Every structure is written in C-alpha cells, then in structure tokens.
Amino acid sequence: MSHDAFPYPIPEYGTEPYWEACNQERLVMQRCTVCAKFRWHPAPLCTHCGDDRHTWEPLSGRGKIITWTVITHPIHPAAFSRVPYVVVEVEFDEQPGLRMLSNLVDIKPEHIAFDAPVKVGFMTHPVGQKLPIFRPA
Amino acid sequence: MERAVSDHWCAGRRTFEIIAMESIHDQACIVGIGHTEYSKDSGRSELKLACEAIGAAIADAGLKPSDIDGIAKYTMDNNDPIDIARNLGIPHLRYFAEVAYGGGGGPVGTIMLAAMAVATGQAKAVVAFRAMNERSGRGTPRFGQAPTSEGAAGVYSYLNPYGLFSPAQMVGLAARRHMHLYGTESRHFGEIAVTCRHHANMNPNAMMHGRPMTIDDHQNSRMIADPVRLKHSPVFIAAGGLGAGEWNHRSIVKNVESRESESTVIAKTMFKDAGITHDDIDVLFIYDHFAPLVLMALEDYGFCKRGEGKDFIGDGKRFRWPDGDLPLNTSGGNLSEGYMHGMQNTIEAVRQLRGAARCQVKDARYAFVSSGNAVPTSAMILRRDA
C-alpha cells in the first residue's frame, strides 16, 4: 500500500462484526441487551448504562445530516487528489443522538443542508475493506 | 510553584487538615515565570530550550535549582524530567507527573499537578513547563501531523479512512453545528483572531508582531476545513516556556448541544472555590487553538449562556486592550504570540497580576486561564494579593 490511500481500519478485539458486516454491505451496531440503546462507535460497554451484554443488529442506514465540513486543505498524501471532500456527521432514524462520522458523496458541497435525509452506501478501500459512507436519500 | 501556607502539615496532630482540604484554593502559588524567544527555527534542541526557560523561571523566583524537587510535564513534551534535572543541576526529585491531553490540556493541567503536589506536601517547589521545536526539530515528534502509517487502529479506525485527521477538521464540524443552532457567524470567530493579533502587535516577542490583521483579512483568508479558516489556525513555533492544566470529554467531535462539557464540569466549582464571580475577572486567557472553540469556551465557562457567545463577543472591541472591559490573551495567545500549547497565556497572566504586562490591565487582580477545550481540559483562576 502506498500514500494513494487513506489509512485502512484495523479492527480492535470485539469490533470484528462491525467490519465484517460492512464487507457484506450491511451496517450493524451493538445494541445493549439491558437498555436497548444502540451505540457508535463500537465499544466494549454500553455508553448509556455500562452493561457489556449486547447483540449486533442491522440499521436502516437512513438518517439526517447533523453537521459537515468541506476539507479543502490536504494534510495527508492521499488527500491531494481528493480535495475538496466532505466529512459528515449523521444521526440515524432509529435513535435520537445516535450519530456517526463518515464521508458524504454524490452531492456538491453548496447543496448540503442541515437535517437533509441521507442513506448509507459502501465504498471499498484499496485493501479490500468496505467502509460505510453516505449519499443523499 | 510553592506552597502558600506552610504550617498546615508540620505537626502530626494537624493531619486532619489534609483530609479536610476542600479545594486547591490558596494552597499553592506561582512564584516564577520564564521563557525563551518564540521562533520558527530555534537552532537548538528542545532540551536546551526547556533548560533555558526553566532556568529563567527559577531565577525569576529567586530560587536555586537545588530548591526544585518536582517536575510536571505535558505528555506530548519530548523532554525527559531526569534529563532536565541533570542539566539544570537539580539534585533529586520527589515528584514527577505528566498531564494527559497535553497538548492543549497542559497549560493549566501541569500547574494543577504541581499545585496538588505542593498542597499535599509531596513536593516543595515544582516546575511546570513546555518546550518544543515542532517543524524545525531534528527528528523530535511533532504535533498535528497526519499519520504516516497505512492502517488506523482504535478510535482512529473510524476516522482516518474517511480522511478525517486533524483538530482543525474536527473543529469545522462542531463550529458549523454551532452556527446552525445559534446563529453564530464566521466574523464572530474572526474577532477573536483579530483580538489576538491586535495584542501581538504590541508585543515584540510575538511571532505575529508587525503583521496587523483586520476582520476583512480574516474573512478573506483561506478555508482549511470549512468553516475553519487559515486565520483561526495557530502559528506553530519552535521555542519554549513554562505553564500548567486539568480535563474532561466524551465524544469524538465536540457536541455543542450537550448540557455538560469538559469546561462546564470545571466551571461548576471553580468560581465558588475562588470565592468570586465571573464579573470579578479582570483579564481573560482562553486557550486559542481555534477561534470557534474560544467562543464555545466563553459559553461553557459561564461568561455567557450557550448560544450567546456571538452577542458576548459582538464587534470584539471589548477584548482589546486598552479600551476593552475584558481584555483577552493580552500577549497575543497561541494564535499570534506563538503556539506554546497555551503556556504563554499562563506566563502573561502572571505578568498581568504582577503589573508587569505590556498591555497592562489597570489594577488587574483576577485572571482566568484555560487550557484547550473540545478535548479533556483544565482551567484556573489566578489572583494577586490585594
């Protein structure tokens, strides 16, 4: 691998189901067995109640735009050919406050709006790992 | 850092006073400050810079190296406390510590570690310092660079694959949300940057001395990670000084809606412990890594309500010495004096309270000093004797 790509994710112990589901183009998250809350990013204990029991459950992949930044200044070698690109924070329909960071694609920066609906898609990193990204719904 | 009250722990029968200590209030004081010049290429090692700055502070305090028995450092500082002790002639250390998240958490965090050691009798005189060469260093690690590794682990595995790396990019996300929720505009952030530059132009030791900047210059500056502009970003430097800090934070990107932030946790008890209110603060030192975060700090520390930062800042004139009612970062701050990870603000706060600042606030008695927010942070109030 060269500087042509952003760093690929190295799955931590216990987070493999997240990345494996991505490779099947499914977005899954841990859901606490006790309080039923989802959490992002994958974590060993529930960030709401602290219990470690959970199941991996699929999400609709639908949500709305909370905030975004248009990155115009490349600080990584792979960014030079990509700028401008958009990093977005999305809140999922399933649970208020359930938010994740990703890229927003297939939209011009000037057309991005708060609360606009988005839907998950997947892009493939050169190492083969698929990554959840978002597009206008 | 020396203990202000020295007789508390002398007698065993008074041990209960240690347990009864409710806060750090008046338990320790800053007795010396020192710094080198600030530059983009110091031409000497970080160890040399640290020793020069610490040596100056020890002399300023009227102490000798042999009086020092503790060192508190930033986690990111590349200097080893033992190297510093060896070179300065500090014969033995009874205390050494480093503050997590320092980086930005260091300028007050190191001071708090030192103060706690002094207050509990673990040490008598503790040095808190930061020294760095950054871009001009010879192989010493540098802050704020994108990773060169091909893989990203831990929390970075959820960020780096998307091209999300730097604090500026994170701040862009939080700043845009704040603008959306509260009607804050880019020019409000700009007035903070303009204020720092205004003060730097009265400070010959400042990196940005002789380089005035207007709000129009700010508004026309290059975008880095929209809405964060070039002029919000710090001037990285290559030199050293002294300073201090503490902490708090939960999510990856600062959530500007959550009721409790790293700063509100501190503010909850700090003013009470100091026995004053916000109105008693004579001069403000808010850690200025990014102008939007200075606005958020003003809100979180309770100088104004959440969402009212834009009105508190207004046209920014209130922050500018000599006419402003609440001068801010009077030596130019990270943004314009030099990016010493906030230590220059602590030094300037001490100068203000000594009546020895260039932009001296008349009769300054209380100074508020914060470390970098949007990560676990620290803040303190300094005062002078009446």
Side-chain angles (χ1 to χ4, degrees), chain A residues 1-13 15 18-19 22 40-43 47 65-79 82-89 96-97 99-105 109-110 112-115 123 125-127 129-134, chain B residues 142-184 221-233 236 249-259 290 292:
Chain A
M1 195 51 48
S2 68
H3 286 318
D4 299 339
F6 286 139
Y8 57 84
I10 301 172
E12 179 57 277
Y13 291 105
T15 71
Y18 176 80
W19 298 110
C22 285
W40 188 88
H41 50 86
T47 48
I65 294 173
I66 291 297
T67 187
W68 72 96
T69 182
V70 183
I71 294 174
T72 48
H73 176 68
I75 61 163
H76 185 280
R82 285 172 172 75
V83 289
Y85 60 94
V86 177
V87 172
V88 68
E89 188 174 30
R99 298 175 178 183
M100 88 174 261
L101 295 164
S102 182
N103 290 136
L104 182 64
V105 300
E110 59 269 29
I112 306 172
F114 289 99
D115 299 324
M123 69 173 175
H125 189 280
V127 297
Q129 173 67 50
K130 290 188 180 178
L131 303 168
I133 56 163
F134 291 84
Chain B
R142 204 188 125 193
F143 179 69
Q145 272 179 320
T148 51
S149 58
E150 292 170 7
V155 70
Y156 298 106
S157 68
Y158 306 103
L159 310 177
N160 293 357
Y162 298 115
L164 183 55
F165 300 101
S166 75
Q169 296 165 350
M170 307 273 188
V171 175
L173 290 160
R176 184 183 296 282
R177 184 73 181 162
H178 195 283
M179 293 163 83
H180 170 62
L181 289 173
Y182 308 117
T184 311
S221 72
R222 182 159 53 93
M223 280 292 182
I224 299 289
D226 186 20
V228 171
R229 292 177 182 276
L230 177 63
K231 299 294 189 189
H232 291 156
S233 296
F236 285 91
H249 190 64
R250 290 175 66 182
S251 67
I252 299 170
V253 169
K254 182 172 173 69
N255 183 340
V256 300
E257 291 145 89
S258 73
R259 266 178 303 168
F290 299 98

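If you're wondering where the values come from, they're calculated on a predicted model, not measured in any experiment. Here is the naming used below: chain letters follow the sequence lines, and residue numbers restart at 1 for every chain.
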- [ ] Applying side-chain contact (heavy atoms from CB on, under 4.5 Å), run through B/Lys254 and B/His178 and close with a yes or a no.
- [x] CA-CA 10 Å; B/Lys254 182 172 173 69; B/His178 195 283; over 6 Å; no
TODO: Could you give me the CA-CA distance, side-chain angles and deciding distance for A/Trp19 and A/Glu12, then say whether side-chain contact (heavy atoms from CB on, under 4.5 Å) is met?
DONE: CA-CA 10 Å; A/Trp19 298 110; A/Glu12 179 57 277; over 6 Å; no
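Considering only heavy-atom pairs separated by less than 4.5 Å from chain B, the leading option among A/Ala43, A/Pro132, A/Pro74, A/Gly97 is A/Pro132. Looking only at heavy-atom pairs under 4.5 Å with chain A, the residue among B/Gly172, B/Gly154, B/Pro161, B/Ser258 that has the most is B/Pro161. Options B/Ala153, B/Ala174, B/Ser157 differ in how many heavy-atom pairs under 4.5 Å they form with chain A, and the most are formed by B/Ser157.
Contact of A/Pro11 with chain B is not made at all, since no heavy-atom distance falls under 4.5 Å. For A/Pro84, no part lies near chain B; criterion is any non-hydrogen pair under 4.5 Å.
Using the six-membered ring where Trp is involved, B/Tyr158 and A/Tyr18 have ring planes that are perpendicular, over 60° apart on the 30 and 60° scheme. Ring orientation note: the planes of A/Tyr8 and A/His125 are nearly perpendicular, at an angle over 60° on the 30°/60° scale. Aromatic ring pairs are classed by plane angle as parallel below 30°, tilted from 30° to 60° and perpendicular above 60°; the pair A/His76 and B/Phe165 is parallel.
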